Structures are given as structure tokens and as C-alpha cells.
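Only one structure is covered here, and it is reproduced in the block below.
None of these values were measured; they are calculated from a predicted model. Just so it is clear: chains get the letters A, B, ... in the order the sequence lines come, proteins before strands, and each one is counted from 1.
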Amino acid sequence: MSKILVVDPDKCTGCQICSMICSLTHWKECSPAKSNVRVFAIRESGIDLPVVCMHCEDPPCMVCPLNAISKDPLNGAVILDQKKCVGCKLCRTVCPLGAIGVDTDNGKMLKCDLCEGIEGGPQCVKWCPTKAIDYVSAGVPTLAWSRWKQALLKAKEQTGPSLSRQPRPQPKGEADGAF
Amino acid sequence: MLLATVIFTLARAAGKTAIAAVLGSKKLKAIAVRGTKGAKIAQPEEFMKACWELRERAKNDPLYEGHSLDGTPWWVSDNFMKAPQYQVPGVERLLSVNINKYSAKNLACFGCALHCSHHQVVTGGKYSGTAGEGVEGNSVIWGGFEPRIYNPSFVIKYHVLCNKLGLNLDHPGVAIAWAMELYELGVITKKDTDGIELSWGNEEAFLEMVQKIAYKEGFGEVLDGFPLRAAEKIGKPEAWITATHGKGLYWLHNDSGVTTSLVWTLGRHVSTRGVDHLKASPGTSSYILGADTLRNEGQKRYGDPEVLLDPWPQSIDRIDRQARFVYDKENLMYLCDMTGICKFWSETCMFVEGVHLSDFARLLSTATGLNYTSNDLVEAAERTNAIQRAYNAREGIRRVDDYPHAFRWLKERGQPWPGLGAQPPNLPTDLATYDMILDAYYKYRGCDVNTGIPTKQTLERLGLEDVAKDLMKRGIVEVANEGGNK
């Protein structure tokens with residue numbers, strides 16, 4: 001296992017581009033319902049949480065009675081073979097993250113395959129505007145590091161000039177008061 | 001209620017023209033939609049490539065970074081406060097950086113990489129506990145500048161309250177500010193306002209009034225009808241002077257409608273739904289971009305480097321080019337509305353590197369598999385405008401309704417619009433130039449110059465024969481054509 005997916009809900013804006021691009025890549029259609037990434041939002045509280053398969057080391061979903069789910073020894077991806085799947089939904093029941101969906105067209109299961117065979121790796125990572133979903137080396141403590149950095153910068157903000165939020169360049173207005 | 005809006009996703013609204021009042025009159029409370037199917041894309045690879053390229057290109061636009069991080073307050077309200085009437089102490093508290101101090105995180109609408117919206121949380125002070133999405137430049141204008149309340153947490157409170165009550169957030173702000181102006185002038189008193197002291201900057205009175213408007217209680221019912229019905233109810237000359245409008249829709253109260261920029265004045269007032277920035281909005285380019293960029297773009301698009309810089313031109317050629325500019329911008333706005341592409345992504349906002357007309361054609365062609373050209377899209381936009389203008393014509397809207405308030409006043413009453421209170425100084429009063437650009441605009445739109453109604457030929461060229469027939473049956477189009485021949 002060399003690289004892992006990392007999700008940071010603080011960075012997620014809830015735009016759902018990940019779901020759109022996932023379904024577009026896999027099924028040639030824009031359909032969040034058929035995506036392997038689902039974004040759960042509680043807009044009243046400003047919470048957006050992308051849920052994606054974490055490709056567990058010991059995947060509970062491999063309980064599959066028809067052995068439709070297997071683990072790729074090279075990149076650690078847990079792959080579901082829809083040809084073998086009968087749609088019993090056992091994998092969905094046991095998944096601790098709720099990362100397995102149902103194909104609304106044929107009733108079989110849907111699951112992230114780390115964009116196997118697609119150039120550029122996981123497309124949700126490539127397209128995410130804020131890097132709320134990232135695909136990084138397993139040894140890099142990204143999430144912890146970004147949280148620590150935020151905390152440090154916030155502390156610095158109270159004592160000195162802010163690094164996190166540089167003042168934006170002011171527009172160079174020629175015709176002031178155009179309203 | 002005349003300012004009811006259709007709210008969706010908690011904080012986004014179809015507002016301004018009281019469309020929800022129409023739904024309400026049909027006893028329709030809400031529509032719940034949940035989708036389980038997708039939209040098939042005809043050429044997915046090409047479509048994804050087009051989306052990716054447009055997204056990366058837009059990052060080079062001068063507006064991208066500021067808009068993406070701080071949203072519309074950055075380029076709307078930060079520029080708004082440069083206007084001469086807002087040079088007052090405390091106004092800097094409404095700068096976007098001060099408003100976004102309350103921002104917990106950026107939010108995006110569905111499928112948008114620009115994420116210009118914010119989740120704002122107020123933790124402390126009078127409005128502690130207020131939280132909600134999406135304070136826009138307009139919330140700052142109508143909940144800050146207009147009632148002269150220079151308090152960023154109040155702006156958030158006002159914005160969230162409007163969303164909760166289902167109000168169009170522009171309307172209560174401008175109506176209450178208008179009442180405040182009348183109150184300060186002594187035209188209305190506490191007796192009219194149900195005992196509320198509507199003085200400038202009074203936050204409590206303002207919030208109470210918003211509630212009253214929402215529930216149509218007492219003076220709230222009067223303000224619900226701003227501008228024309230409210231002025232009628234108050235019935236005093238000062239009320240008529242300050243309740244300014246275009247086609248019955250408000251902009252800022254006590255605003256003559258004329259600005260320092262001719263294109264902006266025209267763009268606002270030829271809007272088919274009443275004075276509005278969402279149908280043409282040519283102003284963005286003139287007050288955000290630097291002079292060099294505007295010269296380049298002017299030369300590239302219209303062969304005249306000064307066309308986008310000249311605020312109030314006098315030469316007929318340049319006036320014609322500016323009319324063309326408004327026409328182009330308006331077409332783009334119609335295309336945004338038709339395709340569902342955000343106006344902020346398009347050239348409307350990101351003038352230099354946003355989605356241009358040819359990009360609309362590319363996106364539509366790859367997504368649908370039909371071969372759209374730029375000309376097809378312009379024709380579709382023209383058709384939209386023609387049918388809206390034809391509808392307006394049927395309801396009695398004519399050339400005089402495309403005038404700014406002050407010019408209309410002059411035309412109808414034969415004397416200049418007096419204005420009251422704080423007026424922006426040195427505004428043009430040049431009706432002749434406005435008439436010239438309006439004529440040029442009507443020619444581009446294929447409208448009769450005397451009435452502003454689409455001609456029979458225009459309607460037939462756009463495939464709207466049935467509309468032409470209907471207007472002829474009512475005697476509207478023939479009148480227009482006769483007028484055109486004189």
C-alpha cells in the first residue's frame with residue numbers, strides 16, 4: 001500500500017464535482033446517484049462530508065458470498081466486479097463508512113476502484129477544486145499537518161500579520177461609482 | 001406578498017419579481033425533488049476536456065482569485081463604497097475582508113469550482129448565534145449601505161433572516177431605507193410607522209420592520225408594495241420623488257437611474273423584467289478591470305480601444321459600439337439563464353477569461369451531440385429577448401419604460417426630476433445621448449425605434465410567427481410598423 005485517499009471536510013465546499021466526474025468517468029453520464037463518492041451535507045451547520053471508500057487493509061466488504069470483491073495487491077485498491085455481483089447488499093451492510101452505493105439502473109453495487117486503468121489516477125482528486133479529497137503517500141501525515149498548520153497560523157494571526165489570509169489586491173477602478 | 005421568493009437549498013432564491021407570489025396565489029407551498037437518474041453526455045471525453053480547459057483558463061482572469069475567496073462582496077460592495085454618497089465614517093466596516101472575518105468556510109453551489117459562497121457564523125455581540133450561507137454583495141448594499149447601518153454582523157443577521165422568512169433580500173432593505181429617508185424628512189411620522197422610530201442606522205427598527213413586511217402587518221403592508229404601490233399609499237409628493245423605479249421595479253431608493261456610465265444606464269433599463277443588473281450588467285468590466293485590459297478588449301472586440309472606457313460618449317460611432325456591447329452582454333446573460341451556466345463563470349463577470357460565446361457552443365455541442373454554433377446561440381438569445389419584449393408590449397410596456405427614472409420623469413412631466421436628500425453629484429442629465437444609444441440598441445434588437453416593440457420581420461425571422469400574429473390581432477405590431485415608417 002503506497003498511496004491513500006485523504007478526505008478533509010474542512011476544505012470541502014459541497015460542490016459535488018467529485019460525484020459528477022466519478023459518474024462521468026465510469027458511466028459517461030452526470031449522475032451523483034451513480035457516483036462512488038457521495039457528499040453528505042448539513043447546510044444549516046455548514047458541514048459537507050465527502051464519503052469515499054478508504055480501501056481498508058482488512059476490508060469487511062470482502063465478506064461477499066460470490067467473491068465479487070477483491071483487493072489489488074499492487075495499489076491496495078478494493079475492487080468490485082459488477083459481473084459477479086448479484087446485488088445482495090451484504091457489503092453495503094457491513095461497510096463501516098457507508099461507502100458502497102447501489103446502481104439505480106441495475107440494482108447492483110457501486111464502489112470506488114481508484115479509477116483503475118484511467119490515466120491520471122483518481123479523477124475526484126484531480127478535479128477537486130480545494131483538494132478536499134487527496135491521494136497521497138501513506139507515510140505523509142497530511143490531515144494532521146494541515147490542521148496543525150491552521151492552528152499555528154490562527155495563533156499567529158492574533159499576535160502578528162496574517163499569513164493565511166493575505167489582503168486581496170484592490171481592483172484598479174477607472175470609472176469609480178459606476179453604479 | 002410582493003417580495004416572496006422561491007427559496008431552494010436554504011439560501012438560494014429566485015427572487016426580485018415576486019415569482020413566489022404567483023405560486024402562492026395558486027396555493028402551491030413547495031416542490032420537493034429528488035433525483036436518482038443521471039444526464040447522459042454525448043461526448044464525455046471532449047466534454048470533460050472542455051470543462052477542464054475552461055476551468056483552468058478562468059484562473060487567469062483578474063476577477064478569479066478575489067471572487068473565489070471573498071465572493072461578490074469583494075467586487076460589488078467594495079466598489080460600491082467608492083461612490084461619492086458613501087464617503088462617510090464607519091463605512092469601511094462593510095469591506096469584504098471585514099464581512100469574511102465571520103466566514104467559517106467557503107461553500108459552492110452544485111457542480112461549481114468557484115465556491116464563492118461562505119458559511120458565516122456570528123459568535124459574539126448582539127447577533128451571536130446567527131449562522132447561514134451566502135452573504136452577497138447585494139446583502140451588503142441593501143442591508144448595509146442603503147439603511148446606513150455599517151455593521152458586518154448585522155448584514156449577516158439580515159441576510160439569514162430574509163432567507164428564513166423567504167424574502168427577496170434586496171426588497172426589504174431598499175423599502176425600509178426609503179421609509180427611513182421619508183421619516184427623516186418628516187414626510188411620515190411614528191403615527192404612520194406603527195410607533196417604530198425609523199431613523200437612519202436604527203438596527204432594531206429595521207429588523208422589526210422586516211418581520212412586519214413578511215407578515216404584512218401595519219406599515220409592513222405599505223412597504224411590501226414598494227415602489228409604486230407604497231408611494232400611492234403614502235400619497236405625498238416626496239414619496240413619489242424618492243420611490244424611483246424602472247418598469248415598476250426598484251433599484252436604490254432615491255436613485256435617478258442615471259449613472260456615470262452610459263452602458264450601465266442602458267443595460268439596467270432595457271432589462272425586460274424591470275431595472276435590473278441580471279439581464280445585461282455591462283458595468284462590471286468598467287469598474288473592476290484596469291484601463292490597459294479594457295483598451296485591449298475594446299480593440300479586440302469592437303475595433304475601438306476606448307469603447308469600454310468612455311463613460312458617456314458623444315460620437316455616434318462609439319455610441320453605436322456601446323449599444324452593441326450591451327446587446328452582446330445581454331445575449332450572454334440569456335444564454336447563462338438558458339444553459340444553467342453561472343453568470344459568474346461567464347464573460348458577464350469574468351470578462352477576459354470567463355466562458356465566452358464560442359465556449360457555450362463547445363460545451364453544448366459536446367454535451368448534447370448536436371452541432372451548435374455561436375450564431376445559433378445568438379439567435380436563441382434574440383428569440384428569448386423578442387418573446388419577452390413581445391409579452392411586455394402586450395401588457396403595455398413602451399419605449400418610455402426603457403428610460404431611467406429621471407429621464408422618464410422629464411419626458412412625462414416636462415420638468416427635471418427634483419430628487420431629494422443625498423444625491424450623487426454631477427450625474428449626466430443628457431437625455432439626447434441616451435435617446436441615441438436607445439435607438440442604436442433597438443436597431444440591434446430589431447425593434448421599432450419609436451415604441452421598442454419587436455417588429456413583425458424580427459419576430460418572423462426568429463420563428464415566432466404565432467407571437468407576431470397575436471400582436472397583430474391586438475393591433476400592437478401594426479401600430480409599431482406604421483410608427484417605424486414615419
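A 6.0 Å sphere centred on CD of B:Q87 holds more than 12 heavy atoms belonging to other residues, nucleotides or ligands. Heavy atoms of other residues, nucleotides or ligands lying less than 6.0 angstrom from NZ of B:K49 number 12 at most. By the 6.0 Å contact criterion, NZ on B:K164 is open, its count of non-hydrogen atoms from other residues, nucleotides or ligands being 12 or less.
Looking at A:K28, both its backbone and its side chain come within 4.5 Å of chain B, counting heavy atoms on both sides. Proximity to chain A (any heavy atom under 4.5 Å) is shown, for B:L107, by both the backbone and the side chain. If you measure heavy-atom distances from B:E45 to chain A, the contacts under 4.5 Å come from the side chain alone. Proximity to chain A is absent for every atom of B:Y86, based on heavy atoms less than 4.5 angstrom apart. Neither the backbone nor the side chain of B:A104 comes within less than 4.5 Å of any heavy atom in chain A.
Taking non-hydrogen atoms and a 4.5 Å limit, the residue list of residues 12-27 of chain A in contact with chain B, ordered by number, reads A:C12, A:T13, A:G14, A:C15, A:Q16, A:I17, A:M20, A:I21, A:L24, A:T25. Inspection of non-hydrogen atoms places A:T104, A:D105 of residues 77-110 of chain A under 4.5 Å from chain B.
The minimum heavy-atom distance linking B:A108 with A:R43 is given by the pair O-NH2, 3.1 Å. Closest approach of A:P129 to B:H115, counting heavy atoms only: CB-CD2, 4.2 Å. Taking both residues in full, the closest heavy atoms of B:G35 and A:A33 are given as O-CB, 4.4 Å, listed atom of the first, atom of the second, then distance.
Of the listed residues (B:M81, B:Q43, B:E133, B:H277), the one with the most heavy-atom contacts under 4.5 Å to chain A is B:E133.
With respect to B:K105, the salt bridge (Lys or Arg N to Asp or Glu O under 4.0 Å) criterion is satisfied by exactly one of A:D10, A:D48, A:D8: A:D48.
Residues A:E44 and B:H119 fail the side-chain proximity criterion, which asks for heavy atoms closer than 4.5 Å.
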